[in-house]
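The chain is numbered in sequence order, starting from 1.
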Amino acid sequence: MTEDHTTRSARSRSPLVALASAGGRIIVDALVIGLWVLFLTLLFLSTGWPRWAFYLSLLLGVGLYVQFTAGWLGSSERES
């Protein structure tokens with residue numbers, strides 16, 4: 001396939017498909033981050049570790065999640 005054909009097919013994606021894809025991504029992101037917050041909350045409540053460590057772990061976990069999943073979007077979507 002040529003690059004021109006790939007660009008055209010990315011543009012011709014149905015708005016409904018794009019909306020469903022974005023909605024699915026938001027749901028998965030919210031679920032993963034919510035489970036991370038729940039895990040950390042239960043861990044820190046049961047161990048009595050300091051609050052600053054909780055917030056540091058929370059920020060690092062979310063930051064790493066975003067760092068690794070940001071590249072999962074198709075490269076054709078970023079180029080157009």
I need the [X] [atom1] to [Y] [atom2] distance, nearest 0.5 Å.
{"X": "L43", "Y": "F54", "atom1": "CG", "atom2": "CZ", "answer": "10.0 Å"}
{"X": "W49", "Y": "L40", "atom1": "CH2", "atom2": "CG", "answer": "9.5 Å"}
{"X": "L31", "Y": "W36", "atom1": "CG", "atom2": "CH2", "answer": "14.5 Å"}

Listed pairs under 3.5 Å, donor-acceptor, residues 55-66 side chains, sequence neighbours left out:
unit_1, atom_1, unit_2, atom_2, d
S57, OG, A53, O, 2.8
Y65, OH, D29, OD1, 2.5

